[in-house]
Enquirer: 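Input: one structure, supplied below.
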Number of protein chains: 2
Amino acid sequence: MDVRTMCLGLLVKQEATGYEIKKAITNGHASIFYDASLGAIYPALNRLTEDGLVTCEELSQDKRPDKKVYRITTKGMNTFEMALLQPPTADKFRSDFLAAMFFCGQMPESRLVEILDEREEFHADRLAALKELEQESQSVGETFLTRYAMMYHASNVQFLKENRYLLEADQNEDDNAEAVQ
Amino acid sequence: MDVRTMCLGLLVKQEATGYEIKKAITNGHASIFYDASLGAIYPALNRLTEDGLVTCEELSQDKRPDKKVYRITTKGMNTFEMALLQPPTADKFRSDFLAAMFFCGQMPESRLVEILDEREEFHADRLAALKELEQESQSVGETFLTRYAMMYHASNVQFLKENRYLLEADQNEDDNAEAVQ
DNA sequence: CGCTAGATATATCAGACTGATATATGACAG
DNA sequence: CTGTCATATATCAGTCTGATATATCTAGCG
């Protein structure tokens, strides 16, 4: 799902500014399955406006910078619904953490242990944050997503606790082998 | 981890051609946590060669097009080890499937059911493929990654079976509400 | 009081990357 | 003979990231 389609989808749910869309993607339920930079969001909104899929209204604010509120049009609704009927493309996933595990033979053991500890903490933190997000679920889709993300992070914590010995033991063997030489 | 660093890492393990690197990323253990296009791999290898981090040897082949074999240099080894010492960046994840679940209120129920069925099948297929990949694990990192991926896909299948009713029930209610109107 | 950091807002841009396409050799199936 | 697939190389238009820029205001700290 490209950034324009994602913006359309969020605007189906609620009119928003570019800044609010970025916040929804960063902190809301959409953060579970999507990310996009401001560098992509603002041009996408401009393009959607040019194409007549959304409208843009500039508003002044007290004590705040002026803002641009985007609303989806009927044409935009139709375009989004057509997009949803396309087959979903494959997930896109890149993990520096898993890459580090893949190349763990090339790193010092102390570094490996540090990364594993940080990763367990990261997943535990995300789990706690999701308990709060769960209160904010307003549709079955959001509930489903939150439960999915909680399952994901909980199973990652458990997997790390149960399997990190595989990597740590090997490093001990490596270090011992080095000491013997 | 950008494409140049990933190429370096794979070349630490084994000299390879651009085509072989793409295959390793698509079919090997690296596919669990990474993807990159040929459009990024070939320019990355060229840049690594220019920077002296790898060498490039052109070989003729019988019954096959000529190939370019890349080997890492000592400078490349050092660069890669330095890269591994940097803090891992956040995972990058985009899921069209989860996006479809997020926007499921905007799609017909038949479509939703179809997507859920396909997704269960996808995870089951990946699980079967990983059982084969497991036989090919040659390091503790590869074993760890394979187990991680198997856990990931198995828990996704289970989660879908146990939770898809949330989405399907709501759609039934929506459809029934529409029928009543 | 002044400074810094953060939130709220908009936006741009160099460089990295995707996905499609192109060309080429050869094997295999229909 | 044709089409598809595997093995190989490569390019490129368009998309996107991550950093940066500018601006208004509030809150906290010394």
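Just so it is clear: chains get the letters A, B, ... in the order the sequence lines come, proteins before strands, and each one is counted from 1. As the structure is a prediction and not an experimental result, all values here were calculated from the model.
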Enquirer: Encode nucleotides 4-15 of chain D as B, S and - characters from 5' to 3', where the letter depends on protein heavy atoms closer than 4.0 Å: B to the base, S only to sugar-phosphate, - to neither.
Expert: --SBBBBBB--S

Enquirer: Flag the pair A/Phe80 / B/Phe103 as yes when their ring centroid distance falls below 6.0 Å, and as no otherwise.
Expert: yes

Enquirer: Just to verify, what does B/Asp91 make a side-chain hydrogen bond (donor to acceptor under 3.5 Å, both in side chains) with, not counting sequence neighbours?
Expert: A/Ser95, A/Arg119

Enquirer: Taking only Lys NZ, Arg NE, NH1 and NH2, and the carboxylate oxygens of Asp or Glu, determine whether A/Arg111 and A/Glu114 approach each other closer than 4.0 Å.
Expert: yes

Enquirer: For DNA chain D, list all stems, counting runs of three or more consecutive pairs where every pair is Watson-Crick or G-U wobble with both distances under 3.5 Å.
Expert: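 For DNA chain D the paired stretches long enough to count as stems (3 pairs minimum) are C:1-30 with D:1-30.
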
Enquirer: Mind checking A/Ala44 for me? I need base, sugar-phosphate or nothing, with any heavy atom below 4.0 Å counting as a touch.
Expert: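 A/Ala44: no heavy atom of the nucleic acid under 4.0 Å.
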
Enquirer: Could you tell me whether B/Lys13 sits above the aromatic face of A/Phe102, with NZ or CZ closer than 6.0 angstrom to the six-membered ring centre and within 45 degrees of the axis?
Expert: yes

Enquirer: Between A/Lys67 and A/Glu58, does any side-chain N to carboxylate O distance fall below 4.0 Å?
Expert: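 Looking at A/Glu58 together with A/Lys67, the answer is no, because their closest N to O distance does not fall below 4.0 Å.
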
Enquirer: Give the residues of residues 78-102 of chain A touching DNA chain C, defined as any heavy atom closer than 4.0 Å, sorted by residue number.
Expert: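 Contacts with DNA chain C under 4.0 Å: A/Lys92, A/Arg94.
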
Enquirer: Answer yes or no: is there a side-chain heavy-atom contact under 4.5 Å between B/Thr49 and B/Thr55?
Expert: no

Enquirer: Is the side chain of A/Asn156 donor-acceptor paired with the backbone N or O of A/His123 at a distance under 3.5 Å, no angle test?
Expert: no

Enquirer: What is the distance from CG of A/Leu45 to C1' of D/dC16, rounded to the nearest Å?
Expert: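 These atoms are roughly 15 Å apart.
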
Enquirer: Would you classify B/Asp35 as touching base, sugar-phosphate or nothing, given that sugar-phosphate means primed atoms plus P, OP1 and OP2, and contacts are heavy atoms under 4.0 Å?
Expert: sugar-phosphate

Enquirer: Without decimals, in angstroms, what is the distance between A/Ile41 CD1 and D/dG18 P?
Expert: 12 Å

Enquirer: Verify whether the ring centers belonging to A/Tyr148 and B/Phe159 lie closer than 6.0 Å.
Expert: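 Yes, they do, as the ring centres are separated by less than 6.0 Å.
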
Enquirer: With sequence neighbours excluded, tell me which residues meet side-chain hydrogen bond (donor to acceptor under 3.5 Å, both in side chains) with A/Gln14.
Expert: none

Enquirer: Picking from C/dC17, D/dC25, D/dT17, which would you name as closest to the side chain of A/Ser37?
Expert: D/dT17

Enquirer: Under the salt bridge (charged side-chain N to carboxylate O under 4.0 Å, His left out) rule, collect the residues that match up with B/Glu81, sequence neighbours excluded.
Expert: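 Result, salt bridge (charged side-chain N to carboxylate O under 4.0 Å, His left out) vs B/Glu81: none returned.
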
Enquirer: CG of A/Asn27 versus C1' of C/dG6: gap in Å, rounded?
Expert: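 Roughly 14 Å, once rounded to whole Å.
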
Enquirer: Report yes or no: does A/Lys75 contribute a side-chain atom to a donor-acceptor pair with the main-chain N or O of A/Asp51 at less than 3.5 Å?
Expert: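 Present.
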
Enquirer: From CG of B/Asp62 over to P of C/dA24, roughly how many Å is that when rounded to an integer?
Expert: 20 Å

Enquirer: For A/Met6 and D/dT17, give me the distance from atom CE to atom P, rounded to whole Å.
Expert: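 Atom CE in A/Met6 sits about 12 Å away from atom P in D/dT17.
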
